Enquirer: 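Input: one structure, supplied below.
Since the structure is predicted, the reported quantities are computational estimates derived from the model, not experimental observations. Every number for a ligand or one of its atoms is a count from 1 in the order of the listing.
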Amino acid sequence: MFNRSRRNLASWFTLSMGSILLIFAGILYYQESVQQLEVIDLILYKKARVITSNIRYKEYQGEKRVFLKHLPVLGNNPPPEDSEIIYARWYDTKGNLKRYFGQLPYKKINPKFTYQTLNLNNNSDVSSQVILLRELTLPVYYQGELIGYLQMAMPMTRVQEILNKFLLLLITTVLITLVITSLTGWFLSGIAMQPIQLSYKQLERFTAHASHELRTPLAAILSNAQVGLLAPMEDSASKHLRLEKVAEVAKSMNTLIGNLLFLARRTGRLTTEYLKEVDLNDLLKELLNSPSIKTAAKHLNLKSDFSESPIMVKIDADLICLAVINLLGNACKYTPAGGMVELRLFSKYNQAIIEVEDNGIGIAASDLPHIFEQFYRVEQHQTNSTNSFGLGLAIAQQIIEAHGGHLSVKSEQGKGSVFQIKLPL
Ligand code: ADP
């Protein structure tokens, strides 16, 4: 799937870049052709002017006549070999041919100043090489009076050669650039696919873990229900016990689903409209006195150390409470009876710092890099508790990062752990 998307992305990139390149090359070729045509037209015009400047127009036997015999090209003397003129023709004012040099002429002409490109082969033989001519028809005036038309043509071989070379250069450049573009497209689409691939893998892992975690309590519910059903009708004590188990497992399932929904829904940073200026001192004091924390820490020595002055932060108070509850809950869960758990709050370098320290079982160095991953649980720490899904720290980290903060841990096996939350002030 990802390879196909990558191929599609690369092909579209190459196609769009290729089209732009082709249009650009087309414009360049067109401009070069126009320029070359202008050059040959100018040469042709200059040659025509040389001929026309030598024309004599004078009275002969009572009427005015044009004398052409002494002209270069059209006159009695043949033109020099390097003149490049294929033909030259002189027409009178009515367009009738009077004199010519070179190829057999048209009988009549269109009496207008024109340049036109002609195919010498007349398209008769497809296989033969196309030889193009540039032809000029020039009306000639003598003291403001039209005296005739000069038509002459030059081969466009040189222009064709230059344009062919230019075309070859353009094709080679376009092809090389297309190859480079497609390689770049392939490389760039690979980079573009990386984050998508990563989040797809994460999603896959998340779904696999979630379904696995849900299957266990579901199996427990089913087996309890079946055992309860098998018990004799009058054995209400046994049925009651099974129902209690079902209720307990359903409760933990409810927690798990709640956690999963939380992780799935909340991604990215929180927008400021959801944040409120809160004094962390008040918030954490209230939290520490809540019945749930008191119950969780009833077997422990729960201490606190808060800042003297208020610490104001822009947060979603419910979410920050949830993160701290997860950390405090873990500290209480993984500290043996009689141990100590401490909640601290202070500010440092423009940051509010919340610390949860315990002197419990601690975390092995090999587990430390993974404990914030979803569904990660340290195997040796597992008890029979049905409420341990390995999601508490992942949720806490997601909440802190959504506030632009940072959650870190220091721990030593057998000695205890310190979880630290840093929030921007
Ligand atoms: P769980 O629901 O299993 O506690 P968490 O994501 O909250 O999931 O924690 C992941 C794992 O990190 C736990 O399984 C536990 O092994 C370890 N852990 C978390 N906090 C502590 C702590 N304070 N002391 C020792 N181990 C801890």
Enquirer: Determine, using heavy atoms of F419 and all atoms of ligand 1, whether some pair is separated by less than 4.0 Å.
Expert: yes
Enquirer: Is the shortest distance from a heavy atom of N326 to ligand 1 less than 4.0 Å?
Expert: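 Flag not set, N326 not near ligand 1.
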Enquirer: Anything under 3.5 Å between a donor and an acceptor, one on a side chain of residues 171-183, the other on a protein residue two or more places apart or in another chain? List them.
Expert:
unit_1	atom_1	unit_2	atom_2	d
T172	OG1	L168	O	2.5
T173	OG1	L169	O	2.5
T177	OG1	T173	O	2.4
T181	OG1	T177	O	2.4
S182	OG	L178	O	3.2
S182	OG	V179	O	2.8

Enquirer: Which class fits the ring pair F372 and F419: parallel under 30°, tilted 30 to 60°, perpendicular over 60°?
Expert: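 F372 vs F419 ring planes: perpendicular.
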Enquirer: Taking only Lys NZ, Arg NE, NH1 and NH2, and the carboxylate oxygens of Asp or Glu, determine whether E84 and R158 approach each other closer than 4.0 Å.
Expert: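 Counted as a salt bridge, because a side-chain N and a carboxylate O are separated by less than 4.0 Å.
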Enquirer: Evaluate L393 for polar contact with ligand 1, using N/O atom pairs at a separation under 3.5 Å.
Expert: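 For ligand 1, there is an N or O atom that lies under 3.5 Å from one belonging to L393.
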Enquirer: By number and element, which atoms of ligand 1 are closer than 4.0 Å to a non-hydrogen atom of V378?
Expert: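 The list of qualifying atoms is 14 (O), 16 (O).
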Enquirer: Does G360 reach ligand 1, in the sense of a heavy atom lying below 4.0 Å from it?
Expert: no
Enquirer: Which of the numbered atoms in ligand 1 are below 4.0 angstrom from a heavy atom of R377?
Expert: 3 (O), 14 (O)
Enquirer: Would you check if there is a donor-acceptor pair between the side chains of Y100 and Q151 at a distance under 3.5 Å?
Expert: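 No, Y100 and Q151 have no side-chain donor paired with an acceptor closer than 3.5 Å.
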Enquirer: For the CE atom on M17, are there more than 12 heavy atoms of other groups (residues, nucleotides or ligands in this structure) within a distance under 6.0 Å?
Expert: no
Enquirer: Taking only residues two or more places apart in sequence, or in another chain, which ones meet E373 in a side chain to side chain donor-acceptor pair (under 3.5 Å)?
Expert: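 Partners of E373 by the side chain to side chain donor-acceptor pair (under 3.5 Å) criterion, ordered by chain and then number, come out as H370.
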Enquirer: Considering only heavy atoms of I371, which atoms of ligand 1 have at least one such atom less than 4.0 Å away?
Expert: 10 (C), 12 (O)
Enquirer: Does the N or O separation between D358 and ligand 1 drop below 3.5 Å for any pair?
Expert: yes
Enquirer: Nearest non-hydrogen contact with atom 4 (O) of ligand 1 belongs to which option: N330, L368, L327?
Expert: N330
Enquirer: Step by step, work out the ring-ring contact (aromatic ring centres under 6.0 Å, His included) result for F2 and Y200.
Expert: CA-CA 10 Å; F2 287 107; Y200 182 78; 5.2 Å; yes
Enquirer: Regarding R344 and the six-membered ring of F346, is the cationic atom NZ or CZ under 6.0 Å from the ring centre and inside 45° of its axis?
Expert: no
Enquirer: I'd like to check which ligand 1 atoms, numbered from 1 as shown, lie under 4.0 Å from a non-hydrogen atom of Y376.
Expert: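 Taking each heavy atom of Y376 in turn, ligand 1 has 10 (C), 11 (C) under 4.0 Å.
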Enquirer: Give the atoms of ligand 1, by number and element, whose distance to some non-hydrogen atom of L391 is under 4.0 Å.
Expert: 6 (O), 8 (O)
Enquirer: Could an N or O of ligand 1 be found under 3.5 Å from any N or O of G392, whether backbone or side chain?
Expert: yes
